[in-house]
Amino acid sequence: MGTGVDISPREAEVLRLVGAHLSNAEIAARLVISVRTVESHVSSLLRKLGVPDRRALAQRAPKSADAAPSQPAAVLPAPLTSFVGRVSERAELAGMIKAYRQLTAVGPGGVGKTRLALTVAAEVAGEYSDGVWFADLVPVTDPGMIATAVAGALGLGEQPGRDMTDSVVAALADRHALLVLDNCEQVVNGVALFLERLLATCPRVTVLVTSRARLMVPFERVYEVPPLSLPGDGESDAVALFMERAAAVGRPLDPPLRDQIAAICERLDGMALAIELAAARYPALGLDGITAALSHPLRMLTGGSRADQRHRSVRAALDWSHALLEPADRALLRRVSVFVAPFTAAAAAEVAGSEEGLVADGLARLAEQSLLVVTVSQGGTEYRALETIRQYGTERLAEAGELVDARSRHLRWCLAKAVALAVVRADWRARFDLVADDLRAALAWAADRPELRTDACDLAQHLAELTFTRNLTGESQRRYEQAAALATDPAAGASMLRQAAAVAGCRTIGDDMYRLRRAAAEAARSSGDGAGAAADLATAAIIAFRFSTTFVRLPPREEVLALMTEARELAGDDPAAQAAVALAEAAVLTDAFGAAQGPPGNAVPETIARAEHAVELARRTGDPLAESAALDALTGAQSWAGDTFATAATARRRITFLSSLPISPAGTHELIDALGMVTEACLGAGDVSGARRWARRLADHPSLAEVGHRATCRLLMVDALAGNVDEVLTGSVRFLDAWRRADRPARSLLRPAVAAVAMIHGLRDDHDARREWQQVLDQLGTPTGHTYGYKAVFDAILLLHRGQAPEALERMTLEPRQVWKWVTWIWHHWYVALRTEAAVLAGSPDARDRLAEARTIVAGNPVATAFVERAGALLVGDQEALLATTDAFDAAGCRYQSARTMVLAGDDHAERGAAALADLGFAPIALSRHPR
């Protein structure tokens, strides 16, 4: 590379994409590698180029990546044939794109809108520093899926807690980019709404739409795509296209034949698709045969719009091509028109109701007539009809009275494919993506037909399960709700609503979890399942407290109490209902989960008793998810009681229940929560290596790939306390990038991570970076109680590093019991140990008493004990005892504290400690004045 820095080709690719402002998840999708691999490359680049953060790295991208273009490449489909003519149209459209933010290229099917748009987009790509993106909306039949299609084109996955439109808007908010939306006519109203939001929020984005119809919105500028120029005084693009395509099929035309070609093009009104179809017939018919076929009135005037002569000419060309087919091939063409995505010969055979061998021959003949596009790969041969031809085939299917039959076979094929996809293999994602649009289209058709309601319900449920596996959680929730609406059995509907609620939990949308569980209760009640309704009502009450931080609007406490009372009345002697009610009582009455709206003065003995009762009842049900939720309550109760080791043991017990469960919405939601809790609980008990192991598993969970701030927040906290500087710097890049793309959510679970990163930058004397992270923490806010929890711990570590022991002691002046919930959570031992060291180093007169008390409190915690023993050695000036704690810190995985101990020991040890700190990336320690 130009700087002389040894950067690998893969790192150069990553650097280029960082410079294009792509997230780690987007880079991973673009390069077909894991997010964790991208993180490793980013970390390596930060180190090699000597820059502090991703923002600085992006600024280095043009200078460092010699082989990378200064502009991102246009992400456009590669045309299979050359583009002919339209010089003036290209210039005019390019000028309009530069002048207007939303431009719609309109015209009838076959006029050449898509090819013109792609050509012009490629030509102007250099004007857009963040690239050109293309999304084909042909497969989209549901306006709600427009943003999903665009997100797919951008390489975005779904982010829990926000819909796809929010994700797209966030990704493009600060981008200077051109977005091409092709074939929008079937969802024109949805596109208009989507673009109104996009353009209002993304001021540097330009959108080029192709459609048969205008969007009919005030911000739209329309460009009407004309037919190809016909013979006249100048050159004819229509004739040039015919000759080019005829030559491509092996029969070049002599210039003297131009007059005959011109006559054919005039008959076709210069319509690009019609001319291409005619040219494809040239080897078989010759110009005379083509002219004769076009002159046949029955072929020219079948169907079509009499008001739009150009559209009529395309239909005429299709009618003519259709009439030249054998009857069996005509039937095949119209039957495969039900596919909205590429399909195989085997799929076509099932839908056409014929033998695969015969269908394969027929598909080959249709491809030879340019009626199908063929793609051959290692995975097999696939066919696709251009949208105009597909729509034509669908019309023919209706005229033949075969539409219902063909779509019904397509529906059955989709159901079979959905069932087969229930088994997840290595190639699962590719297989799902291949058929996903067909599943959606079949469902959209069947959902409106009462006689197919059962099949539609089954397909909606399958699609909900499949999209959840594909991490399309927003669509998964909608499909579960759709399945519930289609269900003829209220009990089945209740089951689907419970699944939808679980998916909403994975998306961290508490309002939807609460709403859907209440809806499930109503469905269960209408089916006569009083116990099921009781469990749903109790679970809704639990959700309001257990996941209170995920709500936009918290339900009033009185409303939740009413739900719990009703659940108690309906539960009867049903074990599952009774267990749910018991857990609701632990949550609502004694605040076992530490909810935002919970009573601040709950008594610890009562909280533990209710939580233990809930665990016992849940265990009797044999449901691991119910037991895990109850154990979560017990974890909170034990932590409030200051029983740090019991808290960690209970958190590990949850993981044991959940790790072997199959993937499901409820299981995933519970596991994500459990991984976060076990990380924190292990950290609180001084098991740093265990905490890091669980935090790494959480960060790597596929459901969090697009929400890097949620994925990394626990890992950042653990690595900061361990002193793993490189890991914190790398993880913080992912965190900050994802948090900004998610529109800076003020989530309480993110605060400790931000405080931890700010501390690391403080320990490095990187004042600018620390200031930036302090600003993030200010945006997230720090509740009063938390000021003496994680915030006090991280502040004290930094103050002690700077030799400000009195200030550290002042920062931790309150006794733990004075702010009991948020200090006795995972921070109890850390708080006590650091407070003891600060008292010793500050020369506090009660330091000896605090030391004795601390030894009793932290006994069994290797990290906190090392802190306390170090303080004791400092108090009496025992260098040997002081140095002995370095082994304890090393064994616990706390490299920073080990190096700090050597510095505190003085003499030659201090020099070795200072070198170790420098190797780790920390600034020198300022020594406090302490007794010797």
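Numbers here are sequence positions counted from 1.
Between atom CE of residue Met243 and atom CG of residue Leu241 there is a gap of 11.5 Å, rounded to the nearest 0.5 Å.
The two residues Asp438 and Trp413 come nearest to each other via the heavy atoms CB-CZ3, 4.1 Å. For the residue pair Ala446 and Leu452, the shortest heavy atom distance occurs at O-CB, 4.1 Å. The two residues Val140 and Val187 have their closest heavy-atom pair at O-CG1, 3.7 Å. For the residue pair Arg334 and Gly393, the shortest heavy atom distance occurs at CB-O, 3.5 Å. When all heavy atoms of Pro342 and Leu434 are compared, the closest pair comes out as O-CD1, 4.0 Å. Summarising the geometry of Ser354 relative to Val359, their closest heavy-atom pair is CB-CG2, 3.7 Å, with the distance given to 0.1 Å.
Among Leu443, Leu486, Leu415, the single residue meeting the side chain to side chain contact (heavy atoms under 4.5 Å, CB included) criterion with Asp455 is Leu415.
Looking at Ser236, its side chain does come within 3.5 Å of a backbone N or O of Ser229 through a donor-acceptor pair. Under the 3.5 Å distance criterion, the side-chain polar atoms of Arg330 are matched with a main-chain donor or acceptor of Leu325. With hydrogens and angles ignored, the 3.5 Å screen pairs no side-chain donor or acceptor of Thr206 with any backbone N or O of Leu178. The closest donor-acceptor contact from the side chain of Ser476 to the backbone of Ala464 lies under 3.5 Å. Remark: the backbone N or O of Gly107 is paired with a side-chain donor or acceptor of Lys113 at under 3.5 angstrom. Remark: the backbone N or O of Arg86 is paired with a side-chain donor or acceptor of Asp237 at under 3.5 angstrom. Under a 3.5 Å cut-off, the side chain of Arg390 and the backbone N or O of Ser337 do form a donor-acceptor pair.
Atom CG of Leu358 is surrounded by more than 12 heavy atoms from other residues, nucleotides or ligands within 6.0 Å. Within 6.0 Å of atom CD in Glu451, more than 12 heavy atoms from other residues, nucleotides or ligands are found, so the atom counts as buried in its surroundings.
Within the 4.5 Å cutoff, the side chain of Phe343 has heavy atoms near those of the Val336 side chain. Residues Leu198 and Leu195 are in side-chain contact: their nearest non-hydrogen atoms beyond the backbone lie under 4.5 Å apart. With contacts defined as side-chain heavy-atom distances shorter than 4.5 Å, the pair Trp133/Val180 does not qualify. Side-chain contact between Leu116 and Phe83 is present, with at least one heavy-atom pair separated by less than 4.5 Å. Using a 4.5 Å heavy-atom cutoff, the side chains of Gln391 and Glu185 are in contact. For the pair Phe242 and Ile290, the minimum side-chain heavy-atom distance is below 4.5 Å. Residues Cys265 and Leu230 are in side-chain contact: their nearest non-hydrogen atoms beyond the backbone lie under 4.5 Å apart. Here the side chains of Val338 and Thr394 are not in contact, with every heavy-atom distance at 4.5 Å or above.
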Let me have the donor-acceptor pairs involving side chains of residues 141-153, under 3.5 Å, with sequence neighbours excluded, atom names and distances please.
from: Asp142; atom 1: OD1; to: Gly144; atom 2: N; distance (Å): 2.9

Quick one: do Phe339 and Arg384 satisfy side chain to side chain contact (heavy atoms under 4.5 Å, CB included)? Show the steps, please. CA-CA 8 Å; Phe339 288 102; Arg384 177 177 62 88; over 6 Å; no
Show the numbers, then the answer: is there a side chain to side chain contact (heavy atoms under 4.5 Å, CB included) between Leu421 and Val435? CA-CA 10 Å; Leu421 283 166; Val435 301; 3.8 Å; yes
Take Leu179 and Tyr128 through the test side chain to side chain contact (heavy atoms under 4.5 Å, CB included) and record every step on the way to the result. CA-CA 10 Å; Leu179 177 62; Tyr128 297 92; over 6 Å; no
Given Ile261 and Leu287, is the side chain to side chain contact (heavy atoms under 4.5 Å, CB included) satisfied, shown in steps? CA-CA 7 Å; Ile261 298 169; Leu287 296 180; 4.1 Å; yes
Run the salt bridge (charged side-chain N to carboxylate O under 4.0 Å, His left out) check on Asp361 and Arg365 step by step: do they pass? CA-CA 6 Å; Asp361 287 341; Arg365 288 191 294 272; 5.1 Å; no
Applying salt bridge (charged side-chain N to carboxylate O under 4.0 Å, His left out) to Glu13 and Arg16, what does each step give before you reach the verdict? CA-CA 5 Å; Glu13 288 182 290; Arg16 176 174 63 82; 5.2 Å; no
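Salt-bridge formation is detected for the pair Arg396/Glu399: a Lys NZ or Arg NE/NH1/NH2 atom is positioned less than 4.0 Å from an Asp or Glu carboxylate oxygen.
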